[in-house]
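Right, one structure below, let's go through it.
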There are 2 protein chains.
Amino acid sequence: MIENMPHRSTSHEVLAVVFQVRRLDTRTPRLSVLLWERAMAPQRGSWSLPGGQLRDDEDMTSSVRRQLAEKVDLREVAHLEQLAVFSQPDRVPDSVFGGRAIASTFLGLVPAPATPALPSDTRWHPVDALPPMAFDHETMVANAHTRLNAKLSYTNIGFALAPQEFALSTLRDVYGAALGYQVDATNLQRVLVRRGVITPTGTTAKSGPGGGRPAAMYRFIESRYRVTDEFAALRPPG
Amino acid sequence: MIENMPHRSTSHEVLAVVFQVRRLDTRTPRLSVLLWERAMAPQRGSWSLPGGQLRDDEDMTSSVRRQLAEKVDLREVAHLEQLAVFSQPDRVPDSVFGGRAIASTFLGLVPAPATPALPSDTRWHPVDALPPMAFDHETMVANAHTRLNAKLSYTNIGFALAPQEFALSTLRDVYGAALGYQVDATNLQRVLVRRGVITPTGTTAKSGPGGGRPAAMYRFIESRYRVTDEFAALRPPG
DNA sequence: CCAAAAGTGTTCTACATACACCCATGT
DNA sequence: ACATGGGTGTATGTAGAACACTTTTGG
């Protein structure tokens with residue numbers, strides 16, 4: 001492959017860090033990210049973020065949507081936002097795109113319940129146990145995770161991870177999985193109700209086997225991203 | 001000019017929103033942004049952000065630095081960070097870069113006291129009284145201003161706007177100019193000292209004409225960007 | 001001695017955590 | 001009855017805003 005030619009071309013790729021809170025086994029759910037396994041060199045066998053080259057006539061948001069549609073049902077992506085740009089000239093070898101490639105990353109969120117069929121090379125991986133990853137994609141995942149955690153504090157972004165209707169214990173698990181520490185359902189309720197983010201639906205869930213009081217169901221008041229309280233904070237315990 | 005050809009080229013430009021808190025007249029200082037006036041079509045006479053095309057062999061941070069060096073003394077830029085990408089295919093007419101141009105924006109900060117000579121087409125403009133601006137550059141300034149204000153709350157980013165040593169009343173003016181509301185010097189001191197962001201130097205300033213108690217001088221403990229308190233908030237009065 | 005500017009101390013409020021206690025359901 | 005999970009109410013801590021009062025200078 002030719003490297004360091006004076007006028008190598010510059011292309012632009014778009015990559016999506018798509019998160020969902022998923023329960024793998026019977027244990028508590030984990031924050032997971034959508035990855036596909038590279039079948040060809042370079043870095044064959046390592047895992048990549050979904051994405052691809054930006055076309056000359058599309059903007060980046062359209063491009064991410066187009067490329068994601070090959071991996072998941074787009075109607076399930078409840079939130080999508082720009083993250084950062086990665087522009088080291090050698091971040092991917094020239095052989096991949098026939099030159100140097102700038103990457104723009106996006107954060108995508110998929111609500112908890114459903115996930116449809118995935119292509120055979122594509123899988124969800126818990127972010128706390130990532131497989132070997134291609135190029136600088138691991139950094140991108142960390143970056144996205146940080147952004148998500150920050151926004152859980154001061155926006156209503158949880159709507160894009162939680163089911164349409166949910167018990168508070170479910171919401172607690174969703175927040176807990178994303179933030180990486182145990183969240184108190186009691187306080188979570190008070191905080192989010194006070195801020196006008198969630199509201200009771202009036203219905204209640206059934207008790208599970210072994211009894212227990214039936215849980216009141218809640219829903220997010222808006223299902224569009226909004227900054228709810230610029231200065232709000234969800235602090236870790238301790 | 002040719003438009004909507006199936007394979008128009010895509011180029012990449014880098015633009016910097018450089019802020020400084022400046023006193024224009026005798027009144028309180030204002031947050032200002034560095035702009036240059038377009039001498040040629042399109043949009044001749046409107047004002048643009050400094051920047052230009054990314055080269056094939058440089059990363060974006062290097063590119064901003066290179067392009068900024070044509071406008072200001074780079075040693076004065078105390079902070080530089082990535083903002084957002086603007087990728088609408090028609091955000092600038094094809095005639096400018098011979099095709100479509102994606103723009104990556106950066107936030108730059110210059111400390112208060114000095115400003116060296118500028119090129120004749122370049123001037124500082126208060127952000128609350130911007131001149132007619134080219135393309136989507138006004139949006140970019142607004143975007144940068146929002147980011148700066150958020151970071152004043154939970155980081156030590158003020159170091160990049162304040163002089164090396166300063167009285168608290170000066171720092172109050174710097175914060176006030178950026179945030180757009182009056183800040184109480186008393187509380188600012190307590191908050192920033194408690195967080196370990198600023199510290200007294202031991203020296204005091206001279207009193208001005210008409211007297212007044214001499215002010216104790218302070219400095220920022222670190223002059224590197226740092227998140228000081230993830231959950232901190234500086235709220236507006238009222 | 002008075003005005004001007006800086007600094008100190010005190011109070012007040014609001015938000016968020018912690019935790020003990022009460023409620024509703026299944027077996 | 002009692003275990004299991006859900007919900008309510010109360011205390012506690014803390015960061016930050018508000019503001020009155022004191023200190024130090026110049027004229």
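Please read these numbers as outputs of a predicted model, since none were measured by experiment. A, B, ... follow the sequence lines: proteins, then strands. Residue 1 opens every chain.
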Exercise. Between B:R235 and B:R172, who's closer to the 5' end of DNA chain C by nearest nucleotide?
Worked result: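 Taking each residue's closest nucleotide, the earlier one in sequence belongs to B:R172.
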Looking at every strand, decide which applies to [X] at a 4.0 Å heavy-atom threshold: base, sugar-phosphate, or nothing.
| X | result |
| --- | --- |
| A:A185 | nothing |
| A:A233 | sugar-phosphate |
| A:T186 | base |
| A:A216 | sugar-phosphate |

Exercise. Is B:R65 paired with B:D59 through a side-chain N to carboxylate O contact shorter than 4.0 Å?
Worked result: no
Write down the distance between [atom1] ([X]) and [atom2] ([N]), rounded to a whole number of angstrom.
| X | N | atom1 | atom2 | answer |
| --- | --- | --- | --- | --- |
| A:Y181 | C:dA18 | OH | P | 10 Å |
| A:L179 | C:dA16 | CG | P | 14 Å |
| B:M217 | C:dA5 | CE | P | 17 Å |
| A:D229 | C:dA14 | CG | P | 14 Å |
| A:L192 | C:dC15 | CG | C1' | 13 Å |
| B:K206 | C:dA6 | NZ | P | 15 Å |

Exercise. Does the pair B:T170 and B:D173 meet the rule for a side chain to side chain donor-acceptor pair (under 3.5 Å), with working shown?
Worked result: CA-CA 5 Å; B:T170 307; B:D173 289 344; 5.9 Å; no
Exercise. Hey, are A:T146 and A:N143 close enough side-chain-wise for a donor-acceptor pair under 3.5 Å?
Worked result: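 Absent: no donor and acceptor within the cut-off.
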Exercise. Can A:T139 and A:D136 be counted as having a side-chain donor-acceptor contact under 3.5 angstrom?
Worked result: no
Exercise. What about A:F220 and A:F166, are their ring centers closer than 6.0 Å?
Worked result: yes
Exercise. For the rings on A:W47 and A:H125, is their centre-to-centre separation under 6.0 Å?
Worked result: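 Yes, they do, as the ring centres are separated by less than 6.0 Å.
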Seminar exercise, completed: The first and last nucleotides of DNA chain D lying within contact of chain A, meaning any atom under 4.0 Å from one of its heavy atoms, run from D:dT4 to D:dT10
Problem set entry | Pairwise 5' ranking along DNA chain D for B:P236 and B:G212, keeping only the more 5' one | B:P236
For this session: Check whether the side chain of A:R213 and the base of C:dG26 form a donor-acceptor pair under 3.5 Å.
Result: no
Exercise. Going by the angle between their ring planes, with limits at 30° and 60°, are B:H79 and B:Y225 parallel, tilted or perpendicular?
Worked result: tilted
Problem set entry | Which nucleotide in C:dT17, C:dA24, C:dC19 has an atom nearest any side-chain atom of A:P214 |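 Nearest nucleotide to the side chain: C:dA24.
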Exercise. Reckon A:S207 has a side-chain N or O less than 4.0 Å from the OP1 or OP2 of C:dG26?
Worked result: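 Negative; the distance criterion is not met.
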For this session: Would you please confirm or rule out a distance under 4.0 Å between OP1 or OP2 of C:dC15 and any side-chain N or O of A:R190?
Result: no
